[in-house]
Number of protein chains: 2
Amino acid sequence: MAVEPPRTSVGARRNPDTEQAVMDAAAEIIAEEGYQKLTMEAVARRARAGKATLYRWWPSRGHLLLALYSRAKSTLGDIDTGDLTSDVTAFIAQMLRQMQGSDGQEPLAPMLRLLIAEAQSDATIREALHRERRERWLLLDNIIRRAEERGQLNPAVTARRAEQRIISMIWYFLLNDTLPGPEAAAELAESIMAEMRA
Amino acid sequence: MAVEPPRTSVGARRNPDTEQAVMDAAAEIIAEEGYQKLTMEAVARRARAGKATLYRWWPSRGHLLLALYSRAKSTLGDIDTGDLTSDVTAFIAQMLRQMQGSDGQEPLAPMLRLLIAEAQSDATIREALHRERRERWLLLDNIIRRAEERGQLNPAVTARRAEQRIISMIWYFLLNDTLPGPEAAAELAESIMAEMRA
DNA sequence: CCTATTGCGATACGATACGTTCCGTTCTAT
DNA sequence: ATAGAACGGAACGTATCGTATCGCAATAGG
C-alpha cells in the first residue's frame with residue numbers, strides 16, 4: 001500500500017480538503033468503533049491532521065459531534081396537508097424515521113443523544129445545539145403557524161408551548177431508548193392534539 | 001490541621017466509614033470545584049480511600065453520581081387533595097423545588113442532568129437510573145391511580161402516558177436549562193391536564 | 001484458638017487522551 | 001518581496017484511567 005503524501009497548507013486560508021478528511025474520519029470512527037472511541041487523538045490520526053489544526057477549528061469533541069449532526073440535514077420538503085393533526089402526524093413520523101435511520105440516511109438518534117449529553121456540561125454546545133434545533137424545527141413552526149391562521153389551534157395554547165410538547169415527548173423517548181417506530185406517529189399526534197385543537 | 005490516622009479495614013466486610021467518607025468527598029468536590037472535577041482519582045484522594053476500594057463498590061463515575069442522587073431522597077409525604085389537577089400542581093411544584101434546591105436541600109437539577117448524560121453512553125447507568133426514577137415517581141403513580149378510581153381521568157389516556165407527559169415536560173426544561181420556578185406549576189399542570197381530564 | 005478470606009490504604013504501573021508548543025513548509029494577501 | 005496564516009508532524013508535560021501488588025486488620029468458619 002502506497003504511502004500517500006500528506007496534505008499541506010493551501011496558503012493563508014482554511015483547507016477544505018482537511019475539513020472534509022476530518023469529518024469523514026469522525027464519521028468512520030463512529031461507524032466502525034462506536035462513539036466511545038471518538039477522541040480528538042483518534043480523529044487526528046485517522047484524518048492525518050495535526051492536532052493543532054483540529055483544535056483550531058473544532059475546540060472539543062462536542063464541536064466535532066455538532067459539526068457531524070449539522071452535516072446531516074434533512075432533505076425533505078414542506079408538510080402541508082391542510083389539517084393540523086395530519087401535518088403533525090407527518091412531522092412526527094418523519095422525525096422518528098430520521099432518528100432511526102429508516103429514511104436511508106445515517107440514524108440521528110445516537111448522535112443526538114450524545115450531543116444532548118455533551119451539552120449538559122458545556123454551555124457552548126448547549127447554545128449551538130439550541131440554534132441548530134431552531135433551524136430544524138422551522139418545518140414544525142410553519143405547520144403550527146398555518147394552523148393558527150386557519151383557526152385550528154386552541155388560542156389558549158401558544159405556538160411555543162405546542163412545539164415544546166411535541167419535541168419533549170420525542171426527547172423523552174430518545175433519552176430512554178424507547179423510540180417507537182414511525183407507525184406510532186398517528187397515535188402520538190392524536191393524543192397530543194387533544195389539548196391543542198380549537 | 002491534625003493528620004488523622006488512616007482508616008483501616010474493619011474485617012472481612014464493608015467499612016461503613018469508608019462508604020460515608022467517599023460519599024462526602026464526592027459531594028464536597030461537586031460543591032467546591034464543580035462536576036468536571038469529579039474524577040475517581042480526586043474522590044479517592046479526598047476520601048483517603050484506595051482506588052481499588054473505590055472501584056470495587058462504585059465501578060465508574062456514573063455509579064458515584066447515582067449513589068449521590070440516590071442518597072438525596074425526598075422526605076416529603078403523600079399528596080392527596082381529592083382533585084387531579086390540584087394534586088398534579090402540587091407534584092410539579094414539589095419536583096421543581098427539589099430540582100432547584102428551593103426546598104432547602106441540595107439542588108438535584110445539576111446532578112440529574114449529568115446522570116441523564118452519563119446514561120447515554122452507559123447502559124448500566126441507564127437501567128439503574130430507570131429503577132431509581134420509578135421509585136421516585138410512586139407519588140405520581142398514586143395521584144393518577146386515585147384519579148382513575150374517582151373517574152377523573154380520561155379513559156383514553158393510560159396512566160403510563162399521563163405520567164410520561166408530565167415527566168417529559170420537566171426533563172425538557174431540565175435539559176435546556178429553562179426550569180421555571182415553582183410558581184409556574186399551576187399553569188403547567190393546567191395545560192397538561194386539558195387532555196387528561198374525563 | 002487458628003487459619004483462610006476479605007476489606008482496607010497506599011503506591012506504582014502502563015496506557016491513553018488532553019491541550020500546547022514548536023518546527024519546516026506552502027501558499028495568500030498586501 | 002515580505003509578513004502572516006494554515007498545514008502535517010512530532011514532542012511535551014499533565015491528568016486520569018483501571019489494574020496489580022503490598023502489608024495490615026479483623027471477621028468467619030472450623
Side-chain angles (χ1 to χ4, degrees), chain A residues 2-26 28-30 32-65 67 114 117-118 121-122 124-125, chain B residues 2-26 29-30 32-67 114 117-118 121-122 124-125:
Chain A
V3 174
E4 299 178 13
R7 290 182 308 279
T8 67
S9 168
V10 290
R13 69 185 168 185
R14 189 168 184 178
N15 186 341
D17 290 349
T18 293
E19 180 172 5
Q20 188 62 44
V22 167
M23 288 287 96
D24 291 348
E28 287 166 17
I29 289 174
I30 286 171
E32 296 172 16
E33 312 180 55
Y35 285 86
Q36 306 275 9
K37 297 294 187 64
L38 185 73
T39 66
M40 300 297 266
E41 295 266 353
V43 172
R45 268 197 306 274
R46 181 145 195 164
R48 294 194 66 176
K51 283 173 63 178
T53 306
L54 204 57
Y55 278 102
R56 186 186 323 273
W57 303 115
W58 300 273
S60 75
R61 170 197 148 102
H63 290 83
L64 265 177
L65 271 174
L114 284 205
E118 208 85 34
S121 53
D122 183 339
T124 306
I125 300 295
Chain B
V3 174
E4 299 179 13
R7 289 182 309 280
T8 66
S9 168
V10 292
R13 66 181 173 189
R14 190 169 182 177
N15 187 343
D17 290 350
T18 293
E19 180 171 5
Q20 188 64 44
V22 167
M23 288 287 95
D24 291 348
I29 289 174
I30 287 171
E32 296 173 17
E33 311 179 56
Y35 285 85
Q36 305 275 9
K37 296 292 186 69
L38 186 74
T39 65
M40 300 298 265
E41 296 266 351
V43 172
R45 268 198 305 274
R46 180 146 194 164
R48 297 194 59 176
K51 284 173 62 179
T53 306
L54 203 57
Y55 277 102
R56 188 188 322 273
W57 304 114
W58 300 274
S60 75
R61 170 196 149 101
H63 289 83
L64 265 177
L65 273 174
L66 190 60
L114 283 206
E118 207 84 34
S121 55
D122 183 339
T124 307
I125 299 295

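In this text the structure is predicted, and so the values were computed from the model without any measurement. Because only heavy atoms are used, hydrogens play no part in the values below, and waters and symmetry mates are left out as well, while side chains stay in. Chain letters run A, B, ... following the sequence lines, proteins first, then strands; residues in each count from 1.
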Just how far is it from atom [atom1] of [X] to atom [atom2] of [Y], taken to the nearest 0.5 Å?
X        : Y        : atom1 : atom2 : answer
A:Trp58  : A:Met23  : CH2   : CE    : 5.0 Å
A:Leu114 : A:Ile125 : CG    : CD1   : 12.0 Å
B:Glu118 : B:Leu64  : CD    : CG    : 10.0 Å
B:Glu41  : B:Leu54  : CD    : CG    : 9.5 Å

Quiz item: side chain to side chain donor-acceptor pair (under 3.5 Å) with B:Arg46: which residues, sequence neighbours excluded?
Solution: B:Glu28, B:Glu32
Exercise. Indicate the atoms forming the closest heavy-atom contact of A:Ala25 with A:Val43, along with that distance.
Key: CB-O, 4.1 Å
Quiz prompt | Over all atoms of both residues, closest heavy-atom pair of B:Ala47 and B:Ala21 | solution = CB-O, 3.7 Å
Sub-4.5 Å side-chain heavy-atom contact between [X] and [Y]:
X       : Y        : answer
A:Leu65 : A:Leu38  : yes
B:Lys51 : B:Met40  : no
A:Val10 : A:Thr18  : no
B:Arg61 : B:Asp122 : no

Using atom [atom1] of [X] as one end and atom [atom2] of [N] as the other, report the distance to the nearest whole Å.
X       : N      : atom1 : atom2 : answer
A:Asp17 : D:dG8  : CG    : C1'   : 14 Å
A:Gln36 : D:dC17 : CD    : P     : 14 Å
A:Leu64 : C:dG19 : CG    : P     : 11 Å
B:Arg7  : D:dC24 : CZ    : C1'   : 15 Å

Self-check item: Close approaches to DNA chain D from residues 54-61 of chain A, in residue order (heavy atom, under 4.0 Å)
Solution: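 Only A:Arg56, A:Trp57 qualify.
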Quiz prompt | Test applied, salt bridge (charged side-chain N to carboxylate O under 4.0 Å, His left out); reference residue, B:Glu19; option that passes from B:Arg14, B:Arg13, B:Arg7 | solution =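 Of the listed options, the one satisfying the test is B:Arg14.
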Exercise. Output the residues of residues 37-46 of chain B in contact with DNA chain C, where contact means a heavy atom of the residue under 4.0 Å from an atom of the strand; sort by number or write none.
Key: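 Nothing qualifies; none.
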Quiz item: Using a cut-off of 4.0 Å between protein heavy atoms and nucleotide atoms, how would you tag nucleotides 23-30 of chain C 5' to 3' with B, S and -?
Solution: ---BBS--
Quiz item: Taking only N and O in the side chain of B:Thr53, is any of them less than 4.0 Å away from OP1 or OP2 of C:dG9?
Solution: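 B:Thr53 to C:dG9 OP1/OP2: side-chain N or O found under 4.0 Å.
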Quiz item: D:dA20, C:dC8, D:dG18: which one has an atom nearest the side-chain heavy atoms of B:Lys51?
Solution: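 In terms of side-chain proximity for B:Lys51, the closest of D:dA20, C:dC8, D:dG18 is D:dG18.
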Quiz prompt | Helix axis bend for the helix from C:dC1-D:dG30 to C:dT30-D:dA1 - C1'-based end axes, five pairs, 10° rounding | solution =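 Here the helix ends are tilted 20° relative to one another.
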Quiz prompt | Under the salt bridge (Lys or Arg N to Asp or Glu O under 4.0 Å) test, residues paired with A:Asp17 that sit two or more places apart | solution =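 Residues passing salt bridge (Lys or Arg N to Asp or Glu O under 4.0 Å) with A:Asp17: none at all.
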